[in-house]
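Reviewing the structure listed below.
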2 protein chains.
Amino acid sequence: MPSSGTQTYHHGDLRSALLDAAANRIENQGIEGLSLRKLADDVGVSRSALYHHFRDKNALLNAVAANGFASWIAMTSESGGDESVPAPVRMKQFVYGYVHWAVEHPQLYDLMFGRPIWKNDLADDELKDVAYPAFQYMLSLITHWQQQGLLLADKPALRQTQVIWATLHGLAKLVTDGVYADSSHIDEMCDCAVNMLLPSVN
Amino acid sequence: MPSSGTQTYHHGDLRSALLDAAANRIENQGIEGLSLRKLADDVGVSRSALYHHFRDKNALLNAVAANGFASWIAMTSESGGDESVPAPVRMKQFVYGYVHWAVEHPQLYDLMFGRPIWKNDLADDELKDVAYPAFQYMLSLITHWQQQGLLLADKPALRQTQVIWATLHGLAKLVTDGVYADSSHIDEMCDCAVNMLLPSVN
DNA sequence: TCTTTATCTTGACAGTGTCAAATTATACGC
DNA sequence: GCGTATAATTTGACACTGTCAAGATAAAGA
């Protein structure tokens, strides 16, 4: 059976099969628990078949993270794009959406925004091409808020974006890392963050 | 030569020698680059000598993290304890101190507040005994600010502490993980954070 | 049909954490 | 001071990891 997918040799579509299996394993066992050999077993293929589709383990993780950014962007633009909803409500929705998405995909969030990839400059071009627009989207969103007078204009929008993002990222991290043990208070923490950072939403 | 240190058998004081070597390697290569066998080489001892002083690798990392918390607390109480300095200035100093300490000890900070230890409940009692007071210190500090009217009282001090800490943690993480590539703007980001979170400091 | 090319497997290597058994050095009772 | 118990350390081994080179297999193109 030839032309069914993009790659239709022995396996059919090994590349995306590996990506799916990797995403599954990461969601369940985390990045530390991901071994290429177990992965090959999951897909029913030999241990080094993978190297014909990814240069090495890092390249595979990059691809999984890239997929994560794609679905992150889908989530974000959905919750922030509806112009019929008043801006203050949208701001609150954005905060809730951000933190909840991280809490619902803790391992993936960790892979996307965590240090192993970014710290050591291990992100390849494909990943950067998806990740940078995500950063940029937040900046444009918050710049828009500032222009509408929802934020104080005494500091550059870039800095305010960095601080707001830091707060969201910090909340997400502290919750998903289990430092804030009682995650039942996520909504209250989000409320408080909105209250402190976004004076126009009271 | 008997009673010179706590452990004076073959090596003399292998336990703290291992801790020092581990802290050094973590500071330079990061936690991922730390191998027990290289560590044993550093100290000049066999690969499994370590197991008579630490139950396993995680126990050693716990001990390193515990030392980190001790020095973190020393730094923090130094910058926040001087009562002769006006409170708003101390608040600003606290924010600067927090972020800068993280930036100066990125790998150690990562180990102390990162997920491998807390997420999977890998922290032993010794570590918790040092870490919890650190959390508690921040809470008491910020509660104090609120009582002095430096913060709005419309939300519980616990929640405000969590949000402020999240912001500091997020800033530290985004900088040390290399997501905020240009770390020369750390001070501006701290300024902006103080500005947004602590209305009494303008 | 034959050649080329891409895909996959097998064997191997260096590296990892960890344990059991053997070895060595120190401490303690006499 | 000597002999024994105990703690510290080493050696050998195991299962696991990522990665590569060489060989085998299947598809694609002429």
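Every chain is numbered from 1 and lettered A, B, ... according to where its sequence line falls, protein lines coming before strand lines. Both backbone and side-chain heavy atoms feed into the values below; hydrogens, waters and symmetry mates do not.
Across all strands shown, B:Leu34 has heavy atoms under 4.0 Å from sugar-phosphate atoms exclusively, and none from any base. Residue-level contact check: B:Leu50 touches neither bases nor backbone, having no heavy atom under 4.0 Å from any strand.
Under the 6.0 Å cut-off for aromatic ring centres, B:Phe113 and B:Phe69 qualify, their centroids lying closer than that. In summary, the aromatic rings of B:Tyr109 and B:His169 are positioned with their centroids under 6.0 Å apart. Aromatic rings of A:Tyr180 and B:Trp165 (six-membered ring for Trp) have centroids within the 6.0 Å cut-off, being under it.
The pair A:Lys173-A:Asp110 meets the salt-bridge criterion, since a charged nitrogen lies less than 4.0 angstrom from a carboxylate oxygen.
Contact between the side-chain N/O atoms of A:Lys38 and the OP1/OP2 oxygens of D:dC16 is not found at any separation under 4.0 Å. Using a 4.0 Å cut-off, some side-chain N or O of A:Ser35 falls inside it from OP1 or OP2 of D:dT17. OP1 or OP2 of C:dC8 lies within a sub-4.0 Å distance of a side-chain N or O belonging to A:His53.
The CZ atom of B:Arg37 sits 16 Å away from the P atom of D:dT17 (whole-angstrom rounding). Going from atom CG of A:Asp41 over to atom P of D:dA15 covers 16 Å, rounded to whole Å. Atom CG in A:Asn58 sits roughly 16 Å away from atom C1' in D:dT17 (whole-Å rounding). The distance between atom CG of B:Asp13 and atom P of D:dA8, rounded to the nearest whole Å, is 11 Å. Rounding to whole angstrom units, OH of residue B:Tyr51 and C1' of C:dT18 are separated by 4 Å. Straight-line distance from the CG atom of A:Leu36 to the P atom of C:dG15: 19 Å, rounded to whole Å. In this structure, the CG atom of A:Leu39 is 16 Å from the C1' atom of D:dC16, given to the nearest Å. One can place NE2 of A:His52 at 6 Å from C1' of C:dT7, the figure rounded to the nearest angstrom.
Below the 3.5 angstrom threshold, one finds a donor paired with an acceptor across the side chain of A:Ser48 and the base of C:dT10.
A donor-acceptor pair is defined here as one N or O able to donate and one able to accept, closer than 3.5 Å; no such pair exists between the side chain of B:Lys92 and the backbone of B:Val194.
Place A:Lys57 and B:Arg47 on DNA chain D by their nearest nucleotides, and B:Arg47 ends up nearer the 5' end.
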